[in-house]
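Comments concern the structure below.
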Number of protein chains: 2
Amino acid sequence: MGRPRVGVLSRRLIGETALRLLDDDRDTGFRMSDLARALGVRVSSLYNHVENKTAVFAEIREILAERIDADAAPDPRWDHALRNWAHAYRAAFAAHPSTVAYLSALPLDATSTVGRSYDHLASQLQDAGWSAAESMSVIVAVESFVLGSALDASAPQDMLDPGDRADVPTFAAAYHARRELAEVQGATPADLAFTLGLDALLEGLRLRLGRG
Amino acid sequence: MGRPRVGVLSRRLIGETALRLLDDDRDTGFRMSDLARALGVRVSSLYNHVENKTAVFAEIREILAERIDADAAPDPRWDHALRNWAHAYRAAFAAHPSTVAYLSALPLDATSTVGRSYDHLASQLQDAGWSAAESMSVIVAVESFVLGSALDASAPQDMLDPGDRADVPTFAAAYHARRELAEVQGATPADLAFTLGLDALLEGLRLRLGRG
DNA sequence: ACCTGAACACCGTTCAAGT
DNA sequence: ACCTGAACACCGTTCAAGT
């Protein structure tokens, strides 16, 4: 066949296709051969655009990072801006649960888009009175919470279910109470923990800033 | 060879050895063949004790969970108990950074030891005035933060380094300020974010409970 | 009940050949 | 510059044979 007249592949297209495959089949991940088939191409062609499979995941993260950056509504109040960012961040993962396990394993890096989000938030935090060093810690702390919550949310629903274990009665009761409360509120149990935790975290941060 | 007079392998021993291998070589993970060699045994022997490689990771988690449960100092004050648990949790991961990526990908489950920790904490939280449903959310929120922070801490030190990028000046300055502050305090940047975030989270939770 | 050796299966990656 | 086909390499897992 040789080189096609018009380029059929690109790093971005490969990433988008891989993301779609992950969404379609939550359990099994994707194989490079799946990816090639979905793109109407042979496996070896992929390697003209990505170094290896890890680079495909990195591209997926870049795609999600851009979405987060675009979706996070700016707000003049630093705590609201942080909250919006956290919600957009988590929503991106919630829309693609099966990516979480792969992306969280990739060490965070300062890719272009991620770096830009950091830059905006750091400015705003420092304007509000946080020191330069603290502003980084605040961002990383919120991001850590979001990532951990996304991992929790991506786990199978009944993964914590104590079932009929008699040795942990309080845990079992609390587990079912949380599940029922979530159902009533039309949310998932993971949503409840995320909202509760994020609100508490931001409240604690406000308080700390207020104290100087 | 056939069956040895005295059993040389066990699920626990396999897990402990795998944990040691992960500690020794941070980058590459371990192969089942590495594990067998370290145990003085052939690969196929392992499968008499573990179903597959994932089960080895599950055993590692069980080992760490027991350590966390043993190390978390109880305290009559619910917020201190939570804080001690969070610190023990993170310390376990800090001692074995290369496990974090693997274990965080394993969905949380209610293994015996983890379930027991949950049970104790849930009791204490409810005694302090949290509802049953809330007590679960509080525990999950704190655990999510710890896990996310552990992922952050396990990433290479300079992974966020914006380097000489001119497009993100505030981020770059904040990044270096945090690094210097950490050095002065004899901690890692990840430690600073963890402590700041955990304190804020607990402070926010105290406040929320106080408000009813 | 449990270790061994050999084979299998799967899949990521490489590379010379082609246009 | 980029797709193809074929081969390679690595490694997790299985299983009949042995004690």
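Chain letters run A, B, ... following the sequence lines, proteins first, then strands; residues in each count from 1.
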For the pair [X] (side chain) and [Y] (backbone), establish whether a donor and an acceptor sit closer than 3.5 Å, ignoring hydrogens and angles.
{"X": "B/N84", "Y": "B/A72", "value": "no"}
{"X": "A/D119", "Y": "B/F171", "value": "yes"}
{"X": "A/D152", "Y": "A/A155", "value": "no"}
{"X": "B/S98", "Y": "B/L22", "value": "yes"}

Expressed in angstrom and rounded to an integer, what is the separation of [X] atom [atom1] from [N] atom [atom2]?
{"X": "A/I14", "N": "D/dC2", "atom1": "CD1", "atom2": "C1'", "answer": "11 Å"}
{"X": "A/R42", "N": "C/dT13", "atom1": "CZ", "atom2": "C1'", "answer": "17 Å"}
{"X": "A/N52", "N": "C/dT14", "atom1": "CG", "atom2": "P", "answer": "8 Å"}

What are the two closest heavy atoms between A/P162 and A/V168, and how far apart are they?
-> CB-CG2, 4.2 Å

Can you figure out which of [options] approaches the side chain of [X] most closely?
{"X": "A/V43", "options": "C/dG5, C/dT13, C/dC3", "result": "C/dT13"}
{"X": "B/Y47", "options": "C/dG12, D/dT14, D/dA6", "result": "D/dT14"}
{"X": "A/N48", "options": "C/dT13, D/dC2, C/dC2", "result": "D/dC2"}
{"X": "A/V41", "options": "D/dT14, D/dT4, C/dT13", "result": "D/dT4"}

Nearest-0.5 Å distance, OH of residue B/Y175 to OH of residue A/Y118 | 11.0 Å

So, are B/R11 and B/E62 salt-bridged, with charged N and O less than 4.0 Å apart?
-> no

Charged N-O contact under 4.0 Å between A/D34 and A/R37 = yes

Dot-bracket line, read 5' to 3' along DNA chain C, where crossing pairs take [ ] and | marks a partner on another strand, Watson-Crick or G-U under 3.5 Å = ||.|||||...|||||.||

Before giving the answer on side-chain hydrogen bond (donor to acceptor under 3.5 Å, both in side chains), spell out for A/N48 and A/S45 the whole-Å C-alpha distance, their side-chain angles and the decisive distance to 0.1 Å.
-> CA-CA 6 Å; A/N48 289 302; A/S45 310; 5.3 Å; no

Does B/S45 have a side-chain nitrogen or oxygen under 4.0 Å from the phosphate oxygens OP1 or OP2 of C/dT4?
-> yes

Any B/H49 side-chain nitrogen or oxygen under 4.0 Å from OP1 or OP2 of C/dC3 | yes

What are the atom names and distances for every N/O pair under 3.5 Å that joins the protein to nucleotides 7-11 of chain D?
residue : atom : partner : partner atom : Å
D/dC11  : OP1  : B/R31   : NH1          : 2.9
D/dC11  : OP2  : B/R31   : NH1          : 3.1

